[in-house]
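Order of the sequence lines fixes the chain letters, A, B, ..., with proteins taken first and strands second; residue numbering starts at 1 for each chain.
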Amino acid sequence: MSFYDFSRVEKKWQKYWLENKTFKTQDNREKPKYYILDMFPYPSGSGLHVGHPEGYTATDILARYKRMKGFNVLHPIGWDAFGLPAEQYAVKTGTHPRITTEKNIERFREQLQMIGFSYDWDREVDTTDPNYYKWTQWIFLRLFERGLAYEDEQPVNWCPELGTVLANEEVIDGKSEVGGYPVIRRPMRQWVLKITAYAERLLEDLDDLDWPESTKEMQRNWIGKSIGAEVDFHVPDHNEKIRVFTTRPDTLFGATYMVLSPEHHLTDVLTTVEQKEEVQKYKDAAGQKSDLERQELTKEKSGVFTGSYAINPVNNKEIPIWIADYVLAHYGTGAIMAVPGEDERDWEFAEKYELPIIRTVQPPDDFDGKAYTGDGPSINSDFLDGLYITDAKTKIIDWLEENGVGKRSVNYKLRDWLFSRQRYWGEPFPIIHVDGKPKAVPEKDLPVTLPDVKNFQPTKTGEPPLAQAIEWVETTDPETGKKALRETNTMPQWAGSCWYYLRYISPDYEDGPVDQEAEKYWMPVDLYVGGSEHSVLHLLYARFWHKVLYDCGVVSTKEPFKKLVHQGMILGEVEYTACEVDGKVVSAEEASKYENVTKLALSESEVEKKGDRFVMKGTEITVDSKAHKMSKSRGNVINPDDVIKKYGADSLRLYEMFMGPLEQVKPWSTKGVEGVNRFLNRTWRLFFGEGESEKLNITHQEPDKDQLKTLHEAIKKVTEDIENMRFNTAISALMIFINEANSWNGVPKSIAEPFVILLSPFAPHIAEELWNKLGHSESLAYEPWPLFNEEFLKSDSIEMAVQVNGKVRANISVPSDRLKEKEFVIGLAKQQQNIQKYIDGTTSIKEIYVPGRIVNIVVK
RNA sequence: GCGAGAGUGGCGGAAUUGGUAGACGCGCCAGAUUUAGGAUCUGGUACCUUUACCGGUGUGGGGGUUCGAGUCCCCCCUCUCGUACCA
């Protein structure tokens, strides 16, 4: 029996594609373009995992399909190669990160080529290449000259373990996202990008994007726009005023005290002598707490009184000023007016410290809670009484503006982007400091390249590793000849990934980050596929840079990524685990009573389903059944190399797509890989039969009607499914074709050829080989995609269900040409024995006929 | 708490605008081939009842709209992801 030797065939075609540059994108601007982009990987030391090929296969299928549909396709790949792991490895071993990075890139490239992706390898970009980061620096200078990059002494998230500052987004639950080390707050000089200047545009332009709704919503929440008012509270004793932001100015009459954040600039001024000690103690305690500790203590509110009073501008009442860490320094103005009657947090605080509570909105009669945050008529509010929230807000804001004590205001949660890191392995800033002031390095001197250093470790004081390269740091200002110091911070990893999609368009262009003529043709990216973990950070930062470049006239579109899709995570194989206590297996509920529980892994054959849970076979002992995230510690990591070695790249591609919808989280199943592998073997045998020789089992006969129908059904389904990215059902359609065709006596060439093309985006290696064996000397990559013909889809008769009172009681076969004749079809239906059984002796109320779908006879 | 999404066989998952629920694959069962195993091929496989037909029940639970609901509406439950004192 002939068998499909995938390893020989796959190597052969991978070599062919590379040598012939089959997928080199021609800059032919006559054709319609399609720019299909993968989120480029960080080339880690551990190589690809099975998650990478998921999104990459999806885009590869579309890229191959679009080429055959006559599109000029841009489908590139590159490396997001700056980053912490290579640097930490350097700290440990002294190996320069460049060496590690190059080695890892090599490995990644090899692995990607082993899967048969149709990238244009002449457009590869590498963020650590000076020819690339020259332009990252160039873009930074654009930000700098527009006042969008500035230095600021500000409290930052300092991670002692990593020896660097982290962006807020890189801190999760008070710990570093990378490594999970503790993070403390500490003031340092930092570079900051003014992303807040673009908050409104970043928010507004989301509406027109074809992105997952959840991702857009996350960005909206992150930007966090809220509309309200700023109100000034006068503090007569100190002749100061405290400005607060509120979304509920209508509740101003209920403001019975004020709270400043411990970091607020007026805290010292406002604290009276008697309160000084207590306030200082509180401030110290708050400052020493990490974000994690602050969050852990959220259950119990705390605060101290400053001793001062402010005047509520609407009623001139004196209200006490407190300090509490439930007010955040970095949101709004860092101070609030507290309205306990209408705010749960304020209520909680007021109860604890016995501060007065005044309701300003009438709660409904059946309301028995504390703070009431719903709508209702205003009370205790003088000229606002009786008005509902919206009207009360308008009226009070008008009043505030007329009296010069407040104004309408919009506030954003989004903060400026902390852009510097105390690391070695990142882009140097194109900045020198002259007389203590930052100054741009002239464009002609770009790139500012990384100097070599001996030690990659940041100093304990937070001085970046670059500070050791004294000869590099000490320079002269080319303009004035004065002594100058280079900036020793480096950019964060996000920098390079903010614009890489532009570099692919003209990777060798020397007069700017991107050739503008080419940019006009290729942008925007038509489809961008990548993980949802980048929903906020990367995707928001890239949009920000893109808008700045748009304002600079570098790019022609407002938004970079027209359509975005996230691939779902691939979990490990389903595991069955039982709980064991003292060597005895017990149910999970039982086990929760003990402490010395060990987990016992079971095989599938040891368990069975009982009701809605799994139990150990023949017992009542419940067993846990779950697919876990792949992780080294759990030992359930699937390595794509192993899968390719055993089943081939086409099987890997096919399986990853066949598992289920692209966006969905799904568990891996090695048995499933075997299934698609069998399908490929069946396909091979369809062409070569069961004999020993590789003689084609292909006929030159005219195809019959059934064969045409089978083919055209497949064309229709596969085409529509690829367009809608339903790859799992497209593969199912290919399987149906093979199952059908296996019952034929030889496959006509005119059927076989279009099928091979349908198969090719999914399993390109076997498809190329079959195409070649069918007598073609060229690759099929640019063969026209087959079109389906409705004529061939029709059959002579159609099977239809007949229902009586909505229940199916018989099936009838209706000749296609009589489908429109309601009377005829219903007559036919009524002749069925089993139908007569149900309608005899009843009165017919209604007869429903949906041509081609159903007959329903309603009787009484 | 809040926001988003999802609950369909033993498992992964299919089901155009409401029109025969379970395509395709895995697993399982039976048979063929084979010295045997593996591989391959053929048939079967939601559940209950039945030798079989027939029949009954079924898309997380409850209610509703409809000739007809996995699909539309209301209430509830569970799970996943995101987020967390944002004034």
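- Taking the nucleotide of RNA chain B with the nearest heavy atom to each of K671(A) and R809(A), the more 5' of the two is matched to K671(A).
- A side chain to side chain contact (heavy atoms under 4.5 Å, CB included) with L602(A) is found for exactly one of T577(A), V607(A), D624(A), namely V607(A).
- Residue N728(A) places no side-chain N or O under 4.0 Å from the OP1 or OP2 atom of G12(B).
- Comparing U50(B) with C75(B), their P atoms sit 43 Å apart, to the nearest whole Å.
- A sub-4.0 Å separation between OP1 or OP2 of A87(B) and a side-chain N or O of S226(A) is present.
- Remark: RNA chain B takes part in the stems B:1-7 with B:77-83, B:10-12 with B:24-26, B:27-32 with B:40-45, B:46-48 with B:55-57, B:60-64 with B:72-76, each of 3 or more antiparallel Watson-Crick or G-U pairs, criterion distances under 3.5 Å.
- Counting any heavy atom pair closer than 4.0 Å across all strands shown, F737(A) reaches no nucleic acid atom.
- Phosphate proximity of G25(B) to N739(A): present, with a side-chain N or O under 4.0 Å from OP1 or OP2.
- Between K716(A) and E713(A), no side-chain nitrogen of the basic residue sits less than 4.0 Å from a carboxylate oxygen of the acidic one, so the salt-bridge criterion is not met.
- A close approach under 4.0 Å does not occur between any side-chain nitrogen or oxygen of Y576(A) and OP1 or OP2 of G10(B).
- Under the 30°/60° scheme for interplanar angles, the aromatic rings of W684(A) and F688(A) are found to be tilted.
- U40(B) and A46(B) have their P atoms separated by 23 Å, given to the nearest Å.
- Nucleotides A69(B) and G60(B), compared at atom P, are 15 Å apart to the nearest Å.
- One finds no side-chain N or O of R853(A) lying less than 4.0 angstrom from the OP1 or OP2 phosphate oxygen of U17(B).
- Straight-line distance from the CG atom of L662(A) to the P atom of G13(B): 13 Å, rounded to whole Å.
- For the P atoms, the distance linking C72(B) with C81(B) amounts to 25 Å, nearest Å.
- Here the separation of A14(B) from G62(B), taken at their P atoms, is 25 Å to the nearest Å.
- Taking atom P on both nucleotides, C29(B) is separated from U34(B) by 22 Å, rounded to a whole Å.
- Looking at heavy-atom distances under 4.0 Å, E213(A) makes no contact with the nucleic acid at all.
- Judged by distance alone, the side chain of N856(A) and the main-chain N or O of G806(A) form a donor-acceptor pair under 3.5 Å.
- Note on K609(A): every side-chain N or O is 4.0 Å or more away from OP1 and OP2 of G10(B).
- Residue-level contact check: V665(A) touches the backbone only, with heavy atoms under 4.0 Å from sugar-phosphate atoms and none from bases.
- Two rings, from F658(A) and F679(A), have their centers 6.0 Å or more apart.
- For the pair K301(A) and Y326(A), the distance from NZ or CZ to the six-membered ring centre is under 6.0 Å and the angle to the ring normal is within 45 degrees.
- Nucleotide A23(B) holds its P atom 17 Å from the CD atom of E799(A), rounded to whole Å.
- Contacts of Q664(A) with the nucleic acid, taken as non-hydrogen atoms under 4.0 Å apart, involve only primed sugar atoms and P, OP1 or OP2.
- Residue S532(A) is classed as having no contact, given no heavy-atom separation below 4.0 Å to the nucleic acid.
- Considering only side-chain N and O atoms, K807(A) lies nowhere under 4.0 angstrom from the phosphate OP1 or OP2 of C67(B).
- Using cut-offs of 30° and 60° for the angle between ring planes, the Y353(A) and W322(A) rings count as tilted.
- At the heavy-atom level, N834(A) lies under 4.0 Å from the strands shown only through sugar-phosphate atoms.
- Comparing S669(A) and G660(A) along RNA chain B, the residue whose closest nucleotide (by nearest heavy atom) sits nearer the 5' end is G660(A).
- Salt-bridge annotation for K225(A) and E200(A): present, with a side-chain N of the basic residue lying under 4.0 Å from a carboxylate O of the acidic one.
- Nucleotide A14(B) holds its P atom 10 Å from the NZ atom of K717(A), rounded to whole Å.
- Separating the P atom of G31(B) from that of A36(B) is a span of 14 Å, rounded to the nearest Å.
- G9(B) shows a glycosidic angle within 90° of 0 and is accordingly assigned syn.
- For R685(A) and C41(B), the shortest distance from a side-chain N or O to OP1 or OP2 is below 4.0 Å.
- A salt bridge does not link E790(A) with K794(A): every distance from a Lys NZ or Arg NE/NH1/NH2 to an Asp or Glu carboxylate oxygen is 4.0 Å or more.
- Using a 4.0 Å heavy-atom criterion, one finds that P661(A) contacts the sugar-phosphate atoms exclusively.
- Residue I336(A) is classed as a base contact, given a heavy-atom separation below 4.0 Å to a base.
- We find that CD of Q832(A) is positioned 13 Å from P of C54(B), with the value rounded to whole Å.
- With C1' as the reference atom, A52(B) and U33(B) are 30 Å apart, rounded to whole Å.
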